[in-house]
Number of protein chains: 2
Amino acid sequence: MLSIGALSRQTGTKVQTIRYYEQIGLMNEPGRTEGGQRRYHVSDLDRLAFIRHGRQLGFSLDAICEFLDLSDNPDQSCSHVDSIAQRQLVQVRQRMLRLRALEAELERMIANCDGGSGQDCNVLKVLSDHSECLTDHDSIGEG
Amino acid sequence: MLSIGALSRQTGTKVQTIRYYEQIGLMNEPGRTEGGQRRYHVSDLDRLAFIRHGRQLGFSLDAICEFLDLSDNPDQSCSHVDSIAQRQLVQVRQRMLRLRALEAELERMIANCDGGSGQDCNVLKVLSDHSECLTDHDSIGEG
DNA sequence: TGACATACCTATAGTTTATGTAGCTTTTCT
DNA sequence: AGAAAAGCTACATAAACTATAGGTATGTCA
């Protein structure tokens, strides 16, 4: 049996966050000691690790909820889950492209700076460029 | 001159969000019509597009504020610009590293998912197996 | 010109995903 | 036994939006 602190340490999740996940129904209510402290099973640890991993990959708690549902009743089709992951991958790739542009611009600015003359800053230009982003307007939140 | 709705459509930003950005000082207060409606210049559109792209890349509004400062006062002292740019560059590179790891994982997830039943859904497998995960533990929020 | 739909306005409250704090209780360690 | 560490609830705060209510402007079509 694990205390909430043990769970916290082993998953890198704040204690409060674990309680929050319980509150919103993402984690099951665990058993309690006589004195009222939470005690978890290893399966809870797995579930929490799953959730955190999903968050690290950028999935919303809602999406993770769907993953967990599928995992709880594995007879359903997983195509929906798959499409969520696909969408996430598209976003990740778009972000990388933009980051590369931004990296180049920052490097250029820093180089110019060393040269000592007055600089022009194109940071805004590289990221305000609309040409390659017609498809992802709705992609800030995830689904 | 663009209405707030036009700005909204062209950048994929909710009208409320644009007003929110104005409220917190990220967007300048635009001119108004006689009747009190906001009217924007194309430069506002660029600025907003920049902000949205920055957000899509995971930068906080604070960080975006710094970028905008660089762009607004390009004749600031070199050392100031340089230090901000350096710091942001570090962030950008960290972000790219993380995204590369995520990309690999998402690819792994999606591979072999034929939309069949959840029994052998790779997405779920990848999410529950943390061992091959290269992403670092504390990297969920942004800097 | 006038009606009407649509877009816009302000103000306020709610959402998501947590994190922080206060004041008290339980567990654990020596 | 007594203290320190960890846990408890409840409430507050944060960032970055998003929604709603109730009213006003604007633009278009007859």
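Chain letters run A, B, ... following the sequence lines, proteins first and then strands; every chain starts at 1. This is a predicted model, so every value here is computed, not measured.
Residues of residues 23-32 of chain A that place a heavy atom closer than 4.0 Å to DNA chain C do not occur.
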* Asked: Do B/Asp62 and B/Glu66 pass the side-chain contact (heavy atoms from CB on, under 4.5 Å) test, and can you show the C-alpha distance, the side-chain angles, and the key distance before you say yes or no?
  -> CA-CA 7 Å; B/Asp62 270 5; B/Glu66 280 197 349; over 6 Å; no
* Output, in order, the C-alpha distance, side-chain angles, deciding distance and verdict of salt bridge (charged side-chain N to carboxylate O under 4.0 Å, His left out) for B/Glu103 and B/Arg108. => CA-CA 8 Å; B/Glu103 183 188 30; B/Arg108 200 152 60 77; over 6 Å; no
* B/Glu22 and B/Arg38: CA distance, side-chain angles, deciding distance, salt bridge (charged side-chain N to carboxylate O under 4.0 Å, His left out) verdict -> CA-CA 11 Å; B/Glu22 180 185 327; B/Arg38 291 167 179 83; 2.7 Å; yes
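Following rounding to the nearest Å, B/Tyr20 (OH) and C/dT10 (P) show an atom-to-atom distance of 17 Å. In this structure, B/Leu48 atom CG and D/dC17 atom C1' are separated by 14 Å, rounded to whole Å. Nucleotide D/dA19 holds its P atom 14 Å from the CD1 atom of B/Ile18, rounded to whole Å. In this structure, B/Leu7 places its CG atom 15 Å from P of C/dA7, rounding to the nearest Å. One atom, CG of B/Leu2, and another, C1' of D/dT26, lie 16 Å apart when rounded to the nearest Å. As rounded to whole Å, 12 Å separates atom P of D/dA10 from atom CD of A/Glu22. In this structure, the CD1 atom of A/Ile51 is 12 Å from the P atom of C/dT17, given to the nearest Å. We find that CZ of A/Arg55 is positioned 12 Å from P of C/dT16, with the value rounded to whole Å.
Proximity of A/Tyr21 to the phosphate of C/dA18: a side-chain N or O atom is located under 4.0 Å from OP1 or OP2. For D/dC17, one of the phosphate oxygens OP1 or OP2 lies less than 4.0 angstrom from a side-chain nitrogen or oxygen of B/Arg52. The shortest distance between the side-chain N/O atoms of B/Thr17 and the OP1/OP2 oxygens of D/dT18 is below 4.0 Å. Contact annotation: B/Thr33 does not reach the phosphate of D/dA25 (side-chain N/O to OP1 or OP2, under 4.0 Å). For C/dC8, neither phosphate oxygen OP1 nor OP2 lies less than 4.0 angstrom from any side-chain nitrogen or oxygen of B/Arg38. Within the 4.0 Å cut-off from OP1 or OP2 of C/dT27, not a single side-chain nitrogen or oxygen of A/Ser3 is found.
Counting heavy atoms from C-beta on, the side chains of A/Arg55 and A/Ile64 come closer than 4.5 Å.
Residue whose closest nucleotide on DNA chain D sits further toward the 5' end, between B/Leu61 and B/Gly35: B/Leu61. Comparing A/Thr13 and A/Glu34 by the nucleotide of DNA chain C that holds the closest heavy atom to each, the one mapping nearer the 5' end is A/Thr13. Comparing A/Gln16 and A/Asp62 by the nucleotide of DNA chain C whose heavy atom lies nearest to each, the residue mapping closer to the 5' end is A/Asp62.
Under 3.5 Å, the side chain of A/Gln37 and the base of D/dA6 form no donor-acceptor pair of N or O atoms.
If you run side-chain contact (heavy atoms from CB on, under 4.5 Å) between A/Arg39 and each of A/Leu7, A/Asp44, A/Leu2, A/Thr33, only A/Thr33 comes through. Applying the side-chain contact (heavy atoms from CB on, under 4.5 Å) test between B/Tyr40 and each of B/Ile4, B/Leu48, B/Asn28, B/Leu45 identifies B/Ile4 as the sole match.
Looking at A/Arg47 and A/Tyr21, their side chains never bring a donor and an acceptor atom within 3.5 Å of each other.
Looking only at distances, no side-chain donor or acceptor of A/Ser8 sits under 3.5 Å from a matching main-chain atom of A/Lys14.
Nearest to the side chain of B/Ile4, among C/dC9, C/dT28, D/dA19, sits C/dC9.
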